[in-house]
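These values consider heavy atoms only, across backbone and side chains, with no hydrogens, waters or symmetry-generated copies. Numbering of ligands and ligand atoms starts at 1, following listing order.
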Amino acid sequence: MFRPLAVGERVIVVDAKGRQHLVTLLEDGEFHTHAGFIPHRAFIGEEEGVTVRTAVGARYTAMRPTISDVVFRMPRGAQVIYPKDLGPIMIMADIHPGVRVLEAGVGSGALSMTMVRAGADVVGYEIREDFAARARSNVAALVGEATAAERYRVEVRDVYEGIDEVGLDAVLLDLPEPWHVVPHAEAALRGGGTLVAYNPSITQAAQLREAMVGSGFELAETVEFLRRTWHVEGQAVRPDHRMVAHTGFLTSARLLGPVPGGLRPARLQR
Ligand code: SAH
């Protein structure tokens with residue numbers, strides 16, 4: 001679909017070496033480089049991918065950023081979940097349009113924006129007011145103010161103290177002690193709902209798994225995803241020398257439903 005680049009939009013401007021700059025297009029804006037400048041007007045009204053040259057011939061291409069570009073370039077305070085983990089989390093938690101999700105803590109909003117853009121209704125619990133505000137503005141910058149107002153809300157509160165929402169489809173956790181949330185998630189999820197936790201340390205994942213033993217959660221699984229890029233140039237085709245070797249472990253599980261005519265197994269055990 002042809003959508004011309006418009007004033008106020010954020011684009012990445014890519015040079016001949018693949019270097020990228022995040023730029024907000026302004027009516028009278030100028031993009032300055034060591035090889036001269038380009039007026040934003042040269043991009044505005046053109047098709048995404050438009051390539052423009054400076055007076056000395058250096059070429060620059062403007063494209064709308066992907067969510068991965070945004071996550072790496074947006075203002076962040078807390079550590080964000082990397083795109084390599086965001087993808088698997090979306091599948092593990094079965095995120096799709098209309099699902100209702102509780103997320104804690106929201107940090108800079110990388111996971112929030114990924115879920116909201118995919119059509120989820122997200123309530124975030126975040127203990128730090130400054131992070132809550134930043135997540136809100138990062139999400140709105142990606143999906144637009146109207147969508148953010150409709151499907152994203154962040155409350156400044158401690159998820160270890162409980163979850164008010166009920167009948168949720170998924171609970172997503174990225175915080176230091178997820179095991180405190182297991183009983184709250186049991187009460188907040190619908191039967192068959194999913195809990196997914198991201199943790200940098202395997203001892204955190206192990207303690208979470210321990211807390212699930214004897215709970216209403218089943219099908220527990222802990223995984224890590226490794227991403228290795230390759231150098232591809234003529235005959236030199238090999239893995240790149242460097243990679244991000246570690247980010248975090250993902251633990252998921254699903255909540256058992258009620259026993260017909262009775263209570264949830266988890267409730268019976270307590
Ligand atoms: N997943 C986020 C990053 C989260 S960083 C992203 O992709 O951008 C972890 C966040 O958890 C921090 O912002 C921290 O303030 C918050 N946090 C820690 N303990 C919490 C708790 N008990 N309740 C709610 N938020 C908590």
Qualifying residue for side chain to side chain contact (heavy atoms under 4.5 Å, CB included) with Tyr198, from Asp174, Leu175, Leu173
Asp174
Got the closest protein heavy atom to atom 8 (O) of ligand 1, with its distance?
Ala110 N, 3.1 Å
Starting from atom 2 (C) of ligand 1, what is the nearest protein heavy atom, named by residue and atom, and what distance separates them?
Val106 O, 3.4 Å
With under 30° as parallel and over 60° as perpendicular, where do the rings of Phe37 and His32 fit, or are they tilted in between?
parallel
Sort out for me which residue in Glu126, Glu145, Glu129 forms a salt bridge (Lys or Arg N to Asp or Glu O under 4.0 Å) with Arg136.
Glu145
Within 45 degrees of the axis of the six-membered ring of Phe131 and under 6.0 Å from its centre: does Arg134 put its NZ or CZ there?
no
Using non-hydrogen atoms of the residue, decide whether Glu161 is closer than 4.0 angstrom to ligand 1.
no
Check Arg157 against ligand 1 and report side chain, backbone, both or neither, counting heavy atoms closer than 4.0 Å.
backbone
What atoms of ligand 1 come closer than 4.0 angstrom to any heavy atom of Gly107?
3 (C), 4 (C), 13 (O)
Flag the pair Arg64 and Glu9 as a salt bridge only when some basic side-chain nitrogen lies within less than 4.0 angstrom of an acidic carboxylate oxygen.
yes
Over all heavy atoms of both residues, which pair between Asn138 and Pro75 is shortest? Give the atoms and the distance, please.
ND2-O, 3.0 Å
Counting each atom of ligand 1 from 1 as listed, which ones have a heavy atom of Ala78 under 4.0 Å away?
5 (S)
Check: Thr251/Glu221 side-chain N/O donor and acceptor closer than 3.5 Å
no
In ligand 1, the atoms that come under 4.0 Å of a heavy atom of Pro176 are 18 (C), 19 (N)
Can you name the atoms of ligand 1, numbered from 1 with element, that are less than 4.0 Å from a heavy atom of Gln79?
3 (C), 5 (S)
Give the atoms of ligand 1, by number and element, whose distance to some non-hydrogen atom of Tyr160 is under 4.0 Å.
22 (N)
Looking at Ile81, which atoms of ligand 1 are within less than 4.0 Å of one of its heavy atoms?
1 (N), 6 (C), 7 (O)
N/O separation below 3.5 Å, Gly109 to ligand 1:
yes
Based purely on interatomic distance, does Glu126 place a nitrogen or oxygen under 3.5 Å from a nitrogen or oxygen of ligand 1?
yes
What protein heavy atom sits nearest atom 23 (N) of ligand 1, and how far off is it?
Val159 N, 3.1 Å
Which protein non-hydrogen atom lies closest to atom 19 (N) of ligand 1, naming both residue and atom, and how far is it?
Ile127 CD1, 3.5 Å
May I ask you to say whether Arg157 pairs ionically with Glu155, meaning some side-chain N is under 4.0 Å from a carboxylate O?
yes
Under 3.5 Å, is there a donor on one side chain and an acceptor on the other for Thr203 and Ser201?
yes
Which residue and non-hydrogen atom of the protein lie closest to atom 21 (C) of ligand 1, and at what distance in Å?
Asp158 OD1, 3.6 Å
Any N/O pair Ala104/ligand 1 closer than 3.5 Å:
no
Any N or O of Phe131 that comes nearer than 3.5 Å to an N or O of ligand 1?
no
Would Tyr82 and Phe72 count as a close aromatic pair, with their ring centres under 6.0 Å?
yes
Shortest non-hydrogen contact from Leu226 to Glu224?
CD2-OE1, 3.8 Å
I'd like to check whether Asp174 has a polar contact with ligand 1, where a contact means an N/O of the residue lying under 3.5 Å from an N/O of the ligand.
yes
Locate the shortest heavy-atom distance separating Leu250 from Pro88; write the atom from each residue and the value.
CD1-CB, 4.1 Å
Option nearest atom 7 (O) of ligand 1 (shortest heavy-atom distance, choices Thr114, Asp130, Leu111, Val181)
Leu111
